[in-house]
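These figures come from a predicted structure and were not determined experimentally. Convention: sequence-line order gives letters A, B, ...; per-chain numbering from 1.
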2 protein chains.
Amino acid sequence: MTTLNRPDTPDAHICGIDTVMEVIGGKWKVLILWALETQPRRRFGELRRLVPGITEKVLASHLREMEADGIVRRVAYDEVPPRVEYSLTEDGARLNDALEPLAVWGRGRPAGRRAPSPPPTV
Amino acid sequence: MTTLNRPDTPDAHICGIDTVMEVIGGKWKVLILWALETQPRRRFGELRRLVPGITEKVLASHLREMEADGIVRRVAYDEVPPRVEYSLTEDGARLNDALEPLAVWGRGRPAGRRAPSPPPTV
DNA sequence: CCGTATCCTATAAGATACTG
DNA sequence: CAGTATCTTATAGGATACGG
C-alpha cells in the first residue's frame, strides 16, 4: 500500500483515502453500492439488471471483493432454483453515506469537462 | 459515460458519483490533491518528492488531466531554469473537502481487510 | 528544472460459452 | 438462477533515456 510518512503530507488523511480507493476502485463498485442501498436485499439477477453493461463475470468478482472487504454480505439459500441475496453491511452503509458529498460535488459541475484549456504561460 | 435511468436507482446520485470517479480515478490523483492542499503552490519537483513512487511521466500526465478537469491550475514562469507552479482551483479545493468523509471512513477500519470470510450458506 | 518520447508489461475488464 | 471457465483486448501505468 502507498503509505506516506512525510511532515508535509497529512498521512492519516491520505492513509484513509487510498484504502478507500482500493475498496471502491472497481469500475462498477459504486454503482453496485447504490443499487444495494435502494433496497435492503438484492439478488444477483437484480443487480445485473440494475447495473446495465456489467457482465456476469465482473459482477460476480466485484461482489466477491466487496464481500471480502466487509461492505457487502452474501447469503445463499440452499434451494432449487438457487437464491442468493446481497445486502450492505453496516460498514458498507456508512461507506455509502461517506460517498454522498462526493456525489454532490459531481452533480455540481457542467457535465462535460476535460477541456484542453488555454496554456497560461506567465 | 455510464449514465443510468431506472426508477430504482437514484440517477442524480449515481451520475454525480461516476463523474467523480473519472476525475479522481488515476492511481495517484488523490495523493496529488492532498499534496496540493498542504500548501498553496507546489512545483513539479516538489510533487514528485511528495508522492514517492510516482514516475515523472505519470505525474505529468495526471497533472495535465487534472488541469483539464478544472481542479488544478498550472502556471509556467518563463524563466531559466524553468519554474512551474501547480495549485488547486476553487473546484479542486471543494473536491478535496468532499473527500474528507471518505478519508474518515477509511481511517476507521482495521487496516488490513480483504479476508476470505467464512462461506455462510443458509 | 520540467518535462517528452519510447517501449514494455500487468491487470482489469469484455465476450462468449457452459454448468450445478 | 447464479454463477465458472476461457480467451482476448484495451489501457494504465512502469522503466528508461533524452531534450529545451
Side-chain angles (χ1 to χ4, degrees), chain A residues 1-2 18 21-32 35-36 39 41-69 72-87 114 116-117 119-122, chain B residues 1-2 18 21-32 35-36 39 41-69 72-87 114 116-117 119-122:
Chain A
M1 187 178 305
T2 323
D18 56 5
M21 292 309 288
E22 283 175 16
V23 170
I24 60 170
K27 184 172 180 184
W28 310 89
K29 288 190 182 173
V30 293
L31 265 36
I32 296 174
L36 287 172
Q39 203 167 280
R41 281 169 282 121
R42 293 286 193 189
R43 302 184 58 169
F44 187 86
E46 263 183 298
L47 290 172
R48 191 176 33 180
R49 268 174 281 113
L50 289 169
V51 186
I54 198 172
T55 64
E56 301 185 337
K57 176 197 151 191
V58 172
L59 177 55
S61 74
H62 277 196
L63 283 171
R64 266 182 272 111
E65 286 181 12
M66 295 167 83
E67 196 193 352
D69 283 330
V72 162
R73 177 169 29 245
R74 175 186 186 275
V75 180
Y77 298 88
D78 202 353
E79 307 171 354
V80 53
R83 178 166 56 108
V84 177
E85 290 183 338
Y86 294 92
S87 55
R114 192 149 299 192
S117 89
T121 304
V122 181
Chain B
M1 189 179 305
T2 322
D18 56 6
M21 292 309 289
E22 283 175 17
V23 171
I24 60 170
K27 185 173 181 184
W28 310 90
K29 288 191 181 172
V30 292
L31 265 36
I32 296 173
L36 287 173
Q39 203 166 280
R41 281 169 282 120
R42 293 284 193 190
R43 302 184 57 168
F44 188 86
E46 263 183 299
L47 290 173
R48 192 176 31 179
R49 268 174 282 112
L50 288 170
V51 186
I54 199 172
T55 64
E56 301 185 339
K57 175 198 152 191
V58 171
L59 176 55
S61 74
H62 277 195
L63 283 171
R64 266 182 273 110
E65 286 181 11
M66 294 167 84
E67 196 192 353
D69 282 332
V72 162
R73 179 172 25 247
R74 175 186 185 275
V75 180
Y77 298 87
D78 202 351
E79 307 170 356
V80 54
R83 177 167 57 107
V84 177
E85 290 182 338
Y86 294 93
S87 56
R114 191 147 300 192
S117 89
T121 304
V122 182

Phosphate contact ([N] OP1 or OP2) by [X] side-chain N/O below 4.0 Å:
| X | N | result |
| --- | --- | --- |
| A:Tyr86 | D:dC1 | no |
| B:Arg49 | C:dC2 | no |
| B:Arg74 | C:dG3 | yes |

For the atom pair [atom1] ([X]) and [atom2] ([Y]), what is the distance rounded to the nearest 0.5 Å?
| X | Y | atom1 | atom2 | value |
| --- | --- | --- | --- | --- |
| B:Arg43 | B:Arg83 | CZ | CZ | 6.0 Å |
| B:Arg64 | B:Leu59 | CZ | CG | 9.5 Å |
| A:His62 | A:Glu67 | NE2 | CD | 14.5 Å |
| A:Thr55 | A:Trp28 | OG1 | CH2 | 8.5 Å |

Using five base pairs at each end to define the local axes, how bent is the helix from C:dC1-D:dG20 to C:dG20-D:dC1, to the nearest 10°?
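Computed angle between terminal axes is 60°.
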Once you round it to whole Å, what is the distance between [atom2] of [N] and [atom1] of [X]?
| X | N | atom1 | atom2 | answer |
| --- | --- | --- | --- | --- |
| B:Glu79 | C:dC1 | CD | P | 13 Å |
| B:Glu22 | D:dT11 | CD | C1' | 14 Å |
| A:Arg42 | D:dC1 | CZ | P | 16 Å |
| B:Glu46 | C:dC2 | CD | C1' | 13 Å |
| A:Leu59 | D:dG3 | CG | P | 8 Å |
| B:Glu85 | C:dC2 | CD | C1' | 13 Å |
| A:Arg41 | D:dA2 | CZ | C1' | 17 Å |

Taking all heavy atoms of B:Glu46 and all of B:Arg41, pick out the closest pair and write down the distance.
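Looking at all heavy atoms of both residues, the closest pair is OE1-O, 4.1 Å.
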Counting side-chain heavy atoms from C-beta on, which of C:dC2, D:dA2, C:dT4 comes nearest to B:Phe44?
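When the side chain of B:Phe44 is considered, C:dC2 is the closest of C:dC2, D:dA2, C:dT4.
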If you look at every strand shown and take non-hydrogen atoms under 4.0 Å, does A:Arg43 touch a base, only sugar-phosphate, or nothing?
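Sugar-phosphate: the residue A:Arg43, judged by heavy atoms under 4.0 Å, touches backbone atoms but no base.
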Heavy-atom side-chain proximity of [X] to [Y] below 4.5 angstrom:
| X | Y | answer |
| --- | --- | --- |
| A:Glu22 | A:Asp69 | no |
| B:Leu47 | B:Leu36 | yes |
| A:Leu63 | A:Arg74 | no |
| A:Met21 | B:Met21 | yes |

Treating primed atoms plus P, OP1 and OP2 as sugar-phosphate and everything else as base, which nucleotides of nucleotides 8-20 of chain C get B, S or - for protein heavy atoms under 4.0 Å?
-----BBB-B--B
